[in-house]
Protein chains: 2
Amino acid sequence: MPDTQDLDPRKAAILEAVVTEYIGSAQPVGSHHVARAAGINVSSATIRSEMVALEREGYLSQPHTSAGRIPTDKGYRFFVDQLAEPGVLGPAQRQKVSRFFEQVHGEMEEMLERTSGLLSDLTSYASVVLPPGHESAPVRSVQVVGLGPRLALLVVVLADGAVEKRTMDLAEDVTDEVLAAASARLQAAAQSLPLGAASVSASSGDPAVDCVVALARAAMAEVAAEAHDRVFVGGPSRLASAFDAVETVRAVLSTLEQQLVVVSLLRDVLERGLSVAIGAEHGYEPLSSCAVVVAPVSVDGQNAGAVGLLGPTRMNYPQALAAARAVGERLGQRLGGSLDPAHGAPVPSGARRRAHGRG
Amino acid sequence: MPDTQDLDPRKAAILEAVVTEYIGSAQPVGSHHVARAAGINVSSATIRSEMVALEREGYLSQPHTSAGRIPTDKGYRFFVDQLAEPGVLGPAQRQKVSRFFEQVHGEMEEMLERTSGLLSDLTSYASVVLPPGHESAPVRSVQVVGLGPRLALLVVVLADGAVEKRTMDLAEDVTDEVLAAASARLQAAAQSLPLGAASVSASSGDPAVDCVVALARAAMAEVAAEAHDRVFVGGPSRLASAFDAVETVRAVLSTLEQQLVVVSLLRDVLERGLSVAIGAEHGYEPLSSCAVVVAPVSVDGQNAGAVGLLGPTRMNYPQALAAARAVGERLGQRLGGSLDPAHGAPVPSGARRRAHGRG
DNA sequence: CCTGGCACTCGATTCTACCGAGTGCCAGGG
DNA sequence: CCCTGGCACTCGGTAGAATCGAGTGCCAGG
């Protein structure tokens with residue numbers, strides 16, 4: 001049970017009241033409002049003096065004299081750690097999540113994309129879905145497919161279902177047979193090893209095959225090296241409503257466009273064992289007016305990416321946490337061994353829309 | 001040779017002055033400023049009376065009495081069609097483009113993603129890259145790869161280098177040999193046909209193989225049906241600076257999040273043979289304060305997607321057009337037969353005398 | 001130690017005055 | 001006839017003063 005730690009109960013109650021009120025109204029909250037809040041049975045004067053103390057201790061701040069108080073990052077932090085009771089999803093939201101995971105289908109990427117949409121929908125914050133890194137996933141299949149005269153595509157399937165591909169410019173024309181032979185050799189060499197680790201036994205006798213194999217190995221190494229740090233961002237437009245300064249919006253959005261930054265932000269937060277990073281805590285300056293909520297996704301106990309939410313520091317932490325955790329968990333299950341959705345039956349291939357533009 | 005069409009030269013000159021001035025300053029422009037503009041040798045009073053006429057004819061509007069004039073959509077349209085001389089990229093930009101296409105590599109999707117970044121960088125508007133639809137591309141390779149006990153991945157490579165994949169839940173455990181056999185049969189049946197069109201000859205004798213083949217065919221049909229209308233949006237944060245009303249920003253961004261809408265917007269504009277759609281012209285209400293600039297991408301004369309820019313109606317059309325066209329063209333070359341980045345390829349028609357560094 | 005009371009602060013709102021960019025109109029001149 | 005300079009007028013934007021009110025800090029009394 002969350003209990004106060006270094007604040008006496010009354011201060012804690014006041015802080016809680018301020019935070020919840022401010023999260024709701026976005027207006028500085030004054031002693032009167034707090035006094036009226038549930039569970040507080042002292043006069044506004046008392047509240048005031050307590051608030052002075054809370055401000056001195058760094059939990060609250062005043063935008064200007066004679067205005068109400070606003071929680072500081074530290075105040076939010078205390079709220080999240082000590083006060084907020086674990087949020088619960090409303091029944092409607094819970095249902096949305098279930099529906100989604102029952103009905104979702106198709107490919108991993110598409111699924112993650114839509115998952116981020118879901119999260120953002122649930123919370124009306126911007127969401128982020130970090131796909132599982134597949135650095136360590138063993139190779140299941142390697143194939144070189146001819147595309148044009150001197151052009152081939154290397155396609156590698158990993159055990160986790162990821163497909164990596166890369167075009168290769170060939171030095172000279174090559175027959176399909178050569179490609180097939182090269183594929184076979186590569187397959188034999190790389191099978192079950194992680195992407196970079198294949199070692200091909202000496203020569204095959206056919207120099208053309210050797211050449212393709214060499215190219216493909218190089219390409220595989222390249223692919224393995226390029227940490228494929230894609231990230232799926234959902235509902236960035238929600239951020240526009242979260243801040244009123246258009247410049248803040250721009251700064252946050254433009255940070256969100258840098259996939260690498262987002263990835264390392266999430267990783268950092270997770271690594272520090274946090275599920276919430278508030279304001280400056282995460283150390284990414286342009287996001288200092290934002291809070292980040294992260295929930296890991298795990299498949300069979302293995303770390304397999306994460307989902308996160310990005311909103312203003314005055315975000316609804318309990319709800320955001322609940323949503324992120326729920327979605328993270330369900331996503332883990334979905335990605336995990338039991339690929340079949342909870343309700344058992346494999347997804348029916350029914351929804352077939354005739355989708356020809358007007359062409 | 002753009003000449004005035006239904007405006008006498010002086011009106012046209014005034015309109016041009018208003019548009020260019022307004023594009024630069026975002027402030028309503030008054031008769032004085034116009035009078036001072038180059039090529040106008042009449043007094044402000046004359047300008048005023050002309051402006052009254054232009055307003056009556058729908059080319060200009062007044063935010064309120066006693067303010068300067070602002071171009072209407074019709075005004076911009078006239079400007080774009082009749083007045084603006086074809087923009088040219090500055091040398092710095094030109095170089096950026098060249099550099100980019102020399103250095104870009106990796107997979108199609110990544111390349112398109114980065115292309116949209118480039119376009120957005122060049123223009124500081126939000127950009128959109130519409131990948132070539134590959135409905136008609138023939139299948140080059142079909143493969144079923146086992147992932148888990150009852151889980152397999154169908155991987156289809158199309159001739160244009162696109163890779164489609166889909167997980168398949170198998171009814172029962174299947175050996176790798178069965179999958180290989182199924183792959184072979186599928187490959188034989190689908191090879192060189194468009195995605196949906198494969199027809200598999202009767203039975204193979206092994207019911208397990210038949211089962212996998214049937215599943216895979218269904219999956220292929222599904223994949224073919226799902227018009228895979230992805231679109232790459234670059235630099236949406238630029239939109240935040242383009243409008244000052246945060247609500248406009250939100251609305252535009254949220255429209256931009258709906259990939260389908262964006263795709264059909266671009267298609268519509270292209271189909272109507274336009275390269276610019278201003279304000280309400282495109283009929284997408286939430287984007288009525290935006291203008292869209294589109295340039296087709298063609299590979300060997302074949303339509304292969306498009307690139308576009310999205311900005312406020314008071315955008316720099318000549319520059320945007322130039323950038324979109326240049327990038328579209330280069331992208332087409334890059335995607336086209338000559339996959340090698342050699343820019344030794346003849347530079348298109350636009351005669352230019354500016355010597356640029358040899359590469 | 002809490003409380004009600006009180007003086008005080010200061011952002012927000014309203015009102016006024018005013019400036020100035022810009023307009024429409026008009027009479028006079030090439 | 002068309003252009004021009006002049007003039008009265010409009011109206012948004014800015015500045016300053018007055019006012020309001022939410023909120024504070026402090027204090028004396030219970």
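FYI, side chains are in, hydrogens and waters are out, and symmetry mates aren't considered; it's all heavy atoms of this structure. All chains are named by letter (A, B, ...) in the order of the sequence lines, taking the proteins before the strands, and each is independently numbered beginning at 1.
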Atom NZ of B/K11 to atom C1' of D/dC2: distance rounded to whole Å?
-> 13 Å
According to the Watson-Crick and G-U wobble definitions, with both distances under 3.5 Å, which nucleotide is paired to D/dG30?
-> C/dC1
A/S66, nearest nucleotide to its side chain (from D/dG12, C/dC10, D/dG25) | C/dC10
Please test B/R272 against B/D268 for salt bridge (charged side-chain N to carboxylate O under 4.0 Å, His left out), starting from the C-alpha separation and ending with a verdict.
-> CA-CA 6 Å; B/R272 284 161 58 195; B/D268 283 4; over 6 Å; no
Starting at atom CD of B/Q62, determine the distance to atom C1' of D/dC11, rounded to an integer number of angstrom.
-> 11 Å
Give, for atom OH of B/Y59 and atom CD of B/E50, the distance between the pair rounded to the nearest 0.5 Å.
-> 13.0 Å
Going from CD1 on A/I278 to NZ on A/K74, what distance comes out if it is rounded to the nearest 0.5 angstrom?
-> 13.0 Å
For B/R250 and A/S237, does a side-chain donor sit closer than 3.5 Å to a side-chain acceptor?
-> no
Could you check which nucleotide pairs with C/dG24 in any of the strands shown, counting Watson-Crick or G-U wobble with both distances under 3.5 Å?
-> D/dC7
Verify, without hydrogens or angle tests, whether B/E281 (side chain) and B/D73 (backbone) share a donor-acceptor contact under 3.5 angstrom.
-> no
Between A/Y125 and A/N316, does any side-chain donor sit less than 3.5 Å from a side-chain acceptor?
-> no
Going by heavy atoms closer than 4.0 Å, what residues in residues 38-58 of chain B are next to DNA chain C?
-> B/R48, B/M51, B/V52
To the nearest Å, give me how far apart NE2 (A/H64) and C1' (C/dT9) are.
-> 10 Å
Whole-Å gap separating P (C/dG22) and CZ (B/R36) | 8 Å
For the pair made of CD in A/Q27 and C1' in C/dC10, what is the distance, rounded to whole Å?
-> 16 Å
Examine C/dT23: is either OP1 or OP2 under 4.0 Å from a nitrogen or oxygen in the side chain of B/R69? Give yes or no.
-> yes
D/dT24 phosphate, OP1 or OP2, under 4.0 Å from A/H32 side-chain N/O | no
